[in-house]
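Counting starts at 1 for both ligands and their atoms, following the listed order. All figures in this text were calculated on a predicted structure; none of them were measured in a lab.
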Amino acid sequence: MKRLWRDFVSRGLSTGRWLKTCRWGLCLAAVALPLQQASAEPIVIRFSHVVGPNTPKGIGAQRFKALVEQKLPGKVRVEIYGGGSRFNDEQAILALLFGEIELAAPSFSKFRAVSNELMIFDVPFLFKDRDALKRFQAGRSGQRLLDSMLDRGLKGLAYWDNGPRVIATKRPVKAPGDLRGLTFRIEPSAVIERQYRSLRVVPITMPFSRVRDAARSGLISGQENAWSNILSKGLHEFHPHFAEVGHTFLGYMLVTSTAFWDGLPSDVRGELEKILGQVTEEVNKLALEKHTQSRSKVLESGKAQVFTPTDAQRAAWEEALAPVREAFADRIGRQLLNDAVGN
Ligand code: SIN
């Protein structure tokens with residue numbers, strides 16, 4: 001706990017907010033767990049996420065709820081808090097630790113306070129395609145990462161996909177130098193921040209729920225996201241130029257707290273594991289479909305223009321962003337990076 005506190009403070013989160021959350025969180029955790037065990041009431045899984053209902057994660061959350069309530073009737077109830085209605089993703093990680101929710105699926109970028117290794121998923125051009133990413137996640141290193149935050153009180157349960165991040169801007173962008181001078185909303189990731197600073201972009205970190213307003217007001221002149229998120233927030237209305245350079249994928253770790261997970265009756269935990277296996281397969285298949293459908297819908301709106309680089313143009317992006325990997329190699333771990341490249 002001491003290490004966690006130190007990390008939150010040193011990584012720039014507000015000490016006041018942290019202490020306040022601690023106080024309330026510890027009280028809640030102290031009363032919530034015994035109460036849940038003592039009563040015959042169903043176990044409640046509060047699942048917090050920040051996206052729309054018609055995105056891979058939004059649909060996955062509803063599917064999880066439906067299957068849990070079908071297979072564990074009266075034993076487990078799922079409450080979904082979507083669209084950032086309760087917590088943004090960084091708050092959700094704290095809320096898990098203090099028993100205010102039981103499940104979240106933040107993008108990897110949101111784990112900055114609790115993991116250096118998960119930064120690997122934001123390193124540009126590390127995975128040559130989606131299959132390489134999926135092989136890495138299914139392999140030994142990827143499976144180990146799910147358990148890499150146990151000492152922080154967090155347990156990864158699965159990897160959920162969205163899709164490749166596409167760079168969206170108010171003016172056409174083809175070469176890395178075209179981004180110079182733009183202001184971008186970014187996710188709270190040191191790797192992404194470095195990526196955009198090296199392209200002479202001014203990065204501003206903000207929660208997903210603020211991106212549409214920031215784009216509409218002109219505060220930001222660009223951002224990056226997966227097609228389904230761009231469509232669900234109508235971001236193409238403000239940033240209609242898209243560069244599909246294939247630098248990273250937006251994906252999630254489905255995560256719970258070890259206190260909650262270890263405290264479950266073993267039959268319930270086993271059934272939840274089976275359900276999660278099924279839902280994960282469905283979500284990841286759906287993510288591929290949503291990627292294509294959402295891209296087409298954005299293009300059909302008539303407002304969007306997509307730049308798809310040639311091999312030579314893509315190589316220029318790779319070259320421009322190559323230093324980012326080296327800059328984070330020690331923090332992420334060179335062995336882990338090598339494992340990723342080897343896929
Ligand atoms: C999400 O897909 O969960 C949100 C990603 C973002 O913050 O842009």
> How does H49 reach ligand 1, by side chain, by backbone, by both or by neither, if only non-hydrogen atoms under 4.0 Å count?
Replying inline: neither
> How does L250 reach ligand 1, if at all, at less than 4.0 Å between non-hydrogen atoms: by side chain, backbone, both, or neither?
Replying inline: side chain
> Is any N or O atom of N162, backbone or side chain, closer than 3.5 Å to an N or O atom of ligand 1?
Replying inline: no
>> Using a 3.5 Å cut-off on N or O atoms only, is S107 in polar contact with ligand 1?
In response: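 No; every N/O pair is 3.5 Å or more apart.
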> Within a reach of under 6.0 Å around CD of E319, are more than 12 heavy atoms found that belong to other residues, nucleotides or ligands?
Replying inline: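 Result for CD/E319: open.
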>> For the CZ atom of F64 and the CD atom of E69, what is their distance to the nearest 0.5 Å?
In response: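 Nearest 0.5 Å value for the CZ-CD distance: 9.5 Å.
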Which residue owns the protein heavy atom closest to [atom], what's the atom, and how far is it?
atom                   : result
atom 3 (O) of ligand 1 : K57 NZ, 2.6 Å
atom 1 (C) of ligand 1 : V51 CG1, 3.4 Å
atom 8 (O) of ligand 1 : R185 NH1, 2.7 Å
atom 2 (O) of ligand 1 : Y252 OH, 2.5 Å

>> Heavy-atom contact check, 4.0 Å cutoff: does Q223 meet ligand 1?
In response: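 Heavy atoms of Q223 never come under 4.0 Å of ligand 1.
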>> Running the 4.5 Å side-chain criterion over Ile, Leu, Val, Met, Phe, Trp and Tyr, what cluster does L288 land in, apart from itself?
In response: none
>> Does K233 qualify as a cation-pi partner of F208, given the criterion of NZ or CZ under 6.0 Å from the six-membered ring centre and within 45 degrees of its axis?
In response: yes
>> Is it the case that the ring center of W227 lies less than 6.0 angstrom away from the ring center of F242?
In response: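 Between W227 and F242, which both carry aromatic rings, the centre distance is below 6.0 Å.
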>> Any heavy-atom pair between the side chains of V201 and T183 that's under 4.5 Å?
In response: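 No, every pair of side-chain atoms sits at 4.5 Å or beyond.
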>> Ring-plane angle category for F136 and F121, please: parallel below 30°, perpendicular beyond 60°, tilted otherwise.
In response: perpendicular
